[in-house]
There are 2 protein chains.
Amino acid sequence: MTMTSMSPDLQDIDVPALTPAMALAGDTVRPSGSLHDELLVGLRDYIVEGHLADGARIPERQLCERFGISRTPLREALKVLAAEGLIELLPNRGARVRQLDAEELRELFDVMGGLEALAGRLACEHISDAEVAEIERVHHDMYRFYLRREMHGYFQCNQAIHRMIVEAAGNAALSATYASFAGRIRRVRYSANLAKERDRWGEAMREHELILDALRRRAGSELSDILFLHLRNKRRAAQAETLA
Amino acid sequence: MTMTSMSPDLQDIDVPALTPAMALAGDTVRPSGSLHDELLVGLRDYIVEGHLADGARIPERQLCERFGISRTPLREALKVLAAEGLIELLPNRGARVRQLDAEELRELFDVMGGLEALAGRLACEHISDAEVAEIERVHHDMYRFYLRREMHGYFQCNQAIHRMIVEAAGNAALSATYASFAGRIRRVRYSANLAKERDRWGEAMREHELILDALRRRAGSELSDILFLHLRNKRRAAQAETLA
DNA sequence: GTCGATCTTTTTGCATTCATTTTTTGGGAA
DNA sequence: TTCCCAAAAAATGAATGCAAAAAGATCGAC
């Protein structure tokens, strides 16, 4: 199994899947549920979606007006987001969007890799033939997009596959943790050198062949390795681009 | 590599290591840092240490008096702990210590296994000969405790080894996540059937031989597998006890 | 003109207060 | 006695108020 220079898997770089979603971002509307929870989700999306500049200061007052609430629930939400690692809270100096340097980004990617590796391993224990067939179907769709060089469709399929693997693991704690890390990485905007990525596209596609094959054979340990290296190489490619 | 009925690794069941520590639990003293952060650490330890009954309701007022603060910072801390999964916040019905059923415990153990697997893999990439030698030294200490049937010393060494592996991974995000999950599991009190565990002790010891061997050879993928199964079997033994 | 200090303004951290919901309690009827 | 409903008590969710710290502005010295 040689996979030393795999493609970055463009898709999940841009949309690492499994985010809580449901953006009410900046809207005063709150359909149901407690105010705090709605605010938390809304604020998280607001930040993940990149509405706030990287490293920019976040005045509480401004966000209060933005969301139409008082400071108390906002501050509670900020504390949670800080604990999640999305923002940082400097003592007496307010909140700011957490800036990720290359090293931190490397760490997050590796953890994502570890989580996907775990997901693959667990999926092999539980997944049904029907679920594998479903992934296979999306895989073939993805391949067609690849042949037609339609990146967007390819991205969607790729994302769906990774999401399905995580879901197939049947572990809520894993899904939640994965979603959290995906959100943190999602903020990073890759000034994607598309031409460069296209060169690696073929390798990414071959990688996914390996993934599907291991999944079919329920080879958990092997799939675990593949997925980790998959993410590792994706990170390498992504960082090579941004730093080039 | 057969490791189907490994020992539960008594040690890290009881003390899964890497917790933030620094228990001021219930003391009004706060040496330095912001009040909120100190409170958060103190409250987390207070809960992790098991001072609150499982599933018990947590009246805010009572905790406020306990820590000598008003409800605002306390509620902020509770929101964070809820996000961490340590407690649950029912709308309008307050906080209670999160009760873990067998299924959730299984999930947490599997994620811990995945994180340790990742740690082992990363450690193999970075670890120096000196660090391996250090782990080896503790391993031998542990072996001596095993021969003398001194469980406490064995526990300490075992814990130290796992902690050193995670640290050797050199990934702060991983360490933090690992610590969080360790805290959640740590609350679970195992009515340890020690006699039963002693029977599996030998296998646990042999398991650690495999871990050390893989680490020496920097066999990341292999170590990854061993550590995951190690945790998996530990969980099996632990649950077999509590449910027996 | 630039640098530095002091005063003002803004912002943060926490306590307190208010409204709403839940829980408890007390009384009455079957 | 037991069950049920209403009222009181308590707890939660959120807003406001206040003191302290930081950011910004104004003035003065060099």
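Each chain gets a letter, A, B and so on, in the order its sequence line appears, and its residues count up from 1. Atom set for the values below is all heavy atoms of this structure, side chains included, hydrogens, waters and symmetry mates excluded.
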Check your understanding: Of all the choices, D:dA15, D:dG13, C:dG13, which nucleotide is nearest to the side chain of A:Pro73 once you look at every atom?
Key -> D:dA15
[X] [atom1] - [N] [atom2] separation (whole Å):
{"X": "B:Ile69", "N": "C:dG13", "atom1": "CD1", "atom2": "C1'", "value": "12 Å"}
{"X": "B:Leu74", "N": "D:dA14", "atom1": "CG", "atom2": "P", "value": "15 Å"}
{"X": "A:Arg75", "N": "C:dA15", "atom1": "CZ", "atom2": "C1'", "value": "12 Å"}
{"X": "B:Arg71", "N": "D:dA11", "atom1": "CZ", "atom2": "P", "value": "10 Å"}
{"X": "B:Leu90", "N": "C:dT20", "atom1": "CG", "atom2": "P", "value": "22 Å"}
{"X": "A:Arg57", "N": "D:dA21", "atom1": "CZ", "atom2": "C1'", "value": "11 Å"}
{"X": "B:His36", "N": "C:dA15", "atom1": "NE2", "atom2": "C1'", "value": "16 Å"}
{"X": "A:Glu76", "N": "D:dA15", "atom1": "CD", "atom2": "P", "value": "10 Å"}

Point to revise | Exercise: do A:Glu116 and A:His162 side chains pair donor with acceptor under 3.5 Å | key: yes
Check your understanding: On a plain distance test, is the side chain of B:Thr72 in donor-acceptor contact with the base of C:dA15 below 3.5 Å?
Key -> yes
Check your understanding: With a 3.5 Å cut-off and just heavy-atom distances, do the side chain of A:Arg93 and the base of C:dG13 make a donor-acceptor pair?
Key -> no
Exercise for review: Would you kindly check if the NZ (Lys) or CZ (Arg) of A:Arg184 is within the cone defined by 45 degrees around the ring axis of A:Phe181 and under 6.0 Å from the six-membered ring centre?
Suggested key: yes
Review point. Does the cation-pi check pass for A:Arg121 over B:Phe228, that is, NZ or CZ under 6.0 Å from the six-membered ring centre and within 45° of its axis?
Key: yes
Practice item. Could you check B:Gly94 against A:Ser70 and say which one's nearest nucleotide on DNA chain D is further toward the 5' end? Key: B:Gly94
Review point. Can you tell me how far the CD1 atom of B:Ile69 sits from the CD atom of B:Glu76, to the nearest 0.5 Å?
Key: 9.5 Å
